[in-house]
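Sequential numbering from 1 along the given sequence is applied to the chain's residues.
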Amino acid sequence: MEIKIIKPKVFIESRFNSEQILKNLERYGRVCYKSENKITSDSAREFLAKILKSGHESVIEHEKITVRIICDRGVTHEIVRHRIGSYSQESTRYCNYKSRGIKVIKPFFFTDKKKYKIWLKAIRSCAIAYNKLIELGATPQEARSVLPNSLKTEIIVTYNLREWKYFFKLRCSRKAHPQMREIAISLLQKFKNRIPVIFDDFIITEDKSLSYPFYIK
Ligand SMILES: Cc1cc2nc3c(=O)[nH]c(=O)nc-3n(C[C@H](O)[C@H](O)[C@H](O)COP(=O)(O)OP(=O)(O)OC[C@H]3O[C@@H](n4cnc5c(N)ncnc54)[C@H](O)[C@@H]3O)c2cc1C
């Protein structure tokens with residue numbers, strides 16, 4: 001029986017032009033001050049930086065971004081606690097992992113061989129139990145009772161930009177679970193690369209004493 005052990009991954013699904021996002025947000029935000037006459041070809045960045053600094057964050061709720069996250073079920077259980085968003089997640093009720101094969105996410109912190117072996121043994125026994133239950137006629141939604149937290153899952157997440165900022169603030173913090181930080185920091189880096197200004201206040205910082213050595217202040 002083959003178990004695939006994979007690494008987590010994140011992708012930005014939305015197709016967007018970041019300059020257009022900034023221009024839209026400026027157009028919406030300037031309604032508050034009736035200062036639309038001040039819009040120029042390059043006024044959006046400064047305007048948005050100013051309103052974010054002042055805490056007038058509701059303006060950035062008008063634009064949303066959708067991402068795809070491949071991680072374990074433990075991490076998605078935390079992600080879906082964020083209520084100002086929309087989710088579509090691979091279902092353990094409908095997917096039959098006996099026919100498609102069981103995939104799990106490697107917990108990067110088990111670098112010690114003994115710990116890794118214990119984890120792998122537990123995963124194998126879950127997979128054996130799952131397959132036996134299916135062979136005995138259990139449905140996937142019944143057999144899932146024995147699937148581990150490390151099971152690979154895929155989730156589509158849509159948040160508006162304000163909720164993304166809030167998500168990164170909580171989930172890139174050194175207090176967040178290391179596997180959550182692993183995916184949140186990687187997403188934040190992609191957001192910072194693609195969208196100017198909005199995420200500039202988040203500085204990704206290295207701390208080698210952490211099992212996942214990056215966090216935001
Ligand atoms: C380090 C860490 C440890 C955690 N530990 C635990 C734990 O041990 N057990 C546990 O159960 N959870 C835990 N959580 C989850 C946490 O309690 C929240 O459920 C999760 O972070 C989502 O945050 P939120 O509810 O603030 O945000 P969202 O649901 O994203 O909402 C955003 C904001 O909208 C507002 N809002 C949303 N819904 C309401 C509402 N109904 N009423 C009023 N205001 C609302 C709030 O201001 C909220 O901050 C932990 C989270 C972190 C980051």
Side-chain angles (χ1 to χ4, degrees), residues 7-71 75-76 78-90 153-177 179-207 212-217:
K7 288 185 177 173
K9 279 190 191 143
V10 296
F11 306 92
I12 295 183
E13 287 285 325
S14 298
R15 304 282 172 261
F16 60 85
N17 172 330
S18 53
E19 290 304 327
Q20 193 56 52
I21 286 184
L22 299 188
K23 282 179 192 296
N24 292 345
L25 292 176
E26 178 186 25
R27 204 151 37 86
Y28 309 146
R30 282 199 185 272
V31 168
C32 305
Y33 315 103
K34 291 313 292 166
S35 63
E36 294 95 325
N37 59 325
K38 292 191 177 158
I39 296 176
T40 65
S41 58
D42 59 359
S43 56
R45 292 182 187 217
E46 196 185 329
F47 174 78
L48 288 168
K50 243 189 219 168
I51 62 157
L52 286 175
K53 201 171 171 207
S54 76
H56 187 178
E57 288 196 332
S58 60
V59 170
I60 66 168
E61 290 172 14
H62 294 294
E63 288 286 346
K64 64 183 171 56
I65 305 282
T66 299
V67 306
R68 178 188 303 260
I69 300 172
I70 298 173
C71 61
V75 171
T76 55
E78 295 186 9
I79 292 173
V80 299
R81 292 296 301 277
H82 290 271
R83 290 160 289 181
I84 322 288
S86 305
Y87 305 99
S88 300
Q89 181 169 12
E90 175 181 337
T153 187
E154 212 163 313
I155 189 166
I156 302 291
V157 181
T158 304
Y159 294 156
N160 67 48
L161 293 182
R162 187 183 195 183
E163 184 66 9
W164 275 119
K165 287 200 75 162
Y166 182 67
F167 175 85
F168 290 134
K169 188 175 153 208
L170 257 54
R171 303 305 183 173
C172 297
S173 139
R174 51 192 304 147
K175 289 184 192 150
H177 188 280
Q179 284 175 297
M180 173 59 91
R181 253 185 304 118
E182 186 184 22
I183 66 108
I185 293 275
S186 150
L187 256 184
L188 173 60
Q189 189 59 66
K190 285 180 192 280
F191 275 47
K192 282 173 78 69
N193 292 346
R194 292 278 306 275
I195 310 167
V197 186
I198 308 291
F199 302 96
D200 282 2
D201 51 333
F202 294 138
I203 311 292
I204 299 174
T205 309
E206 190 168 7
D207 178 350
Y212 184 75
F214 297 99
Y215 70 102
I216 58 164
K217 285 184 183 168

Glu46 atom CD, neighbour heavy-atom count above 12 within 6.0 Å: no

For Ser14 against Lys64, the heavy-atom pair lying closest together: OG-O, 4.5 Å

Side-chain donor/acceptor of Thr205 to backbone N/O of Ile203, under 3.5 Å: yes

Min side-chain heavy-atom separation His56-Leu52 under 4.5 Å: no

Short N-O contact, Arg45 and Glu19, less than 4.0 angstrom: yes

Cation-aromatic face contact Arg181/Tyr212, 6.0 Å, 45 degrees: no

Side chain Lys23, main chain Ser41, donor-acceptor under 3.5 Å: yes

Euclidean distance, Ile60 CD1 relative to Tyr28 OH, rounded to 0.5 Å: 13.5 Å

Ion pair Glu78/Arg171, N-O distance below 4.0 Å: yes

Nearest heavy-atom neighbours spanning Val59 and Leu25: O-CD2, 3.4 Å

Closest non-hydrogen atom pair, Tyr215 against Asp207: CE2-CB, 3.7 Å

Within-4.5 Å side-chain heavy-atom neighbours: Lys38 and Ser43: no

Residues Thr158 and Thr66: side-chain donor-acceptor under 3.5 angstrom: yes

Spatial distance of atom OG (Ser88) from atom CD (Glu154) [nearest 0.5 Å]: 11.0 Å

Thr153 side chain reached by Ile70 side chain, heavy atoms, under 4.5 Å: no

Evaluation steps, side chain to side chain contact (heavy atoms under 4.5 Å, CB included), between Ile156 and Val67: CA-CA 6 Å; Ile156 302 291; Val67 306; over 6 Å; no

Interatomic spacing from CD1 in Ile183 to NZ in Lys9 - rounded to 0.5 Å: 14.5 Å

Return all side-chain donor-acceptor pairs below 3.5 angstrom for residues 189-198, not counting sequence neighbours, or 'none' if the list is empty.
residue, atom, partner, partner atom, Å
Gln189, NE2, Asn193, OD1, 3.1
Lys192, NZ, Phe199, O, 3.2
Lys192, NZ, Phe202, O, 2.6
Asn193, ND2, Gln189, O, 3.4

Side-chain ion pair, Arg27 and Glu36, N-O less than 4.0 Å: no

Atom of Gly85, atom of Tyr159 and distance for their closest heavy-atom approach: CA-CD2, 3.5 Å

Plane angle bin for His82 and Tyr166 - parallel if under 30°, tilted between 30 and 60°, otherwise perpendicular: perpendicular

Audit row: Leu161, Glu57, side chain to side chain contact (heavy atoms under 4.5 Å, CB included) steps and yes/no: CA-CA 9 Å; Leu161 293 182; Glu57 288 196 332; over 6 Å; no

Audit row: Ile65, Ile21, side chain to side chain contact (heavy atoms under 4.5 Å, CB included) steps and yes/no: CA-CA 10 Å; Ile65 305 282; Ile21 286 184; 4.1 Å; yes

Close side-chain approach of Ile155 and Arg68, heavy atoms under 4.5 Å: no

Between Asn160 and Glu63, a side-chain donor and acceptor under 3.5 Å: no

Verdict with supporting geometry, Asp201 and Lys165, salt bridge (charged side-chain N to carboxylate O under 4.0 Å, His left out): CA-CA 10 Å; Asp201 51 333; Lys165 287 200 75 162; 3.0 Å; yes

Worked check of side chain to side chain contact (heavy atoms under 4.5 Å, CB included) between Ile39 and Phe47: CA-CA 9 Å; Ile39 296 176; Phe47 174 78; over 6 Å; no

Plane angle bin for Phe168 and Trp164 - parallel if under 30°, tilted between 30 and 60°, otherwise perpendicular: parallel

Asp42: partners by side chain to side chain donor-acceptor pair (under 3.5 Å), with sequence neighbours left out: Thr40

From Asn37 atom CG to Arg30 atom CZ, the distance as rounded to the nearest 0.5 Å: 8.0 Å

Side-chain touch Ile69/Thr76, heavy atoms, less than 4.5 angstrom: no

Non-hydrogen side-chain atoms of Ser173 and Lys217 separated by less than 4.5 Å: no

Ser58 side chain near Arg162 side chain, heavy-atom distance below 4.5 Å: yes

Heavy-atom side-chain contact between Glu182 and Pro8 under 4.5 Å: yes

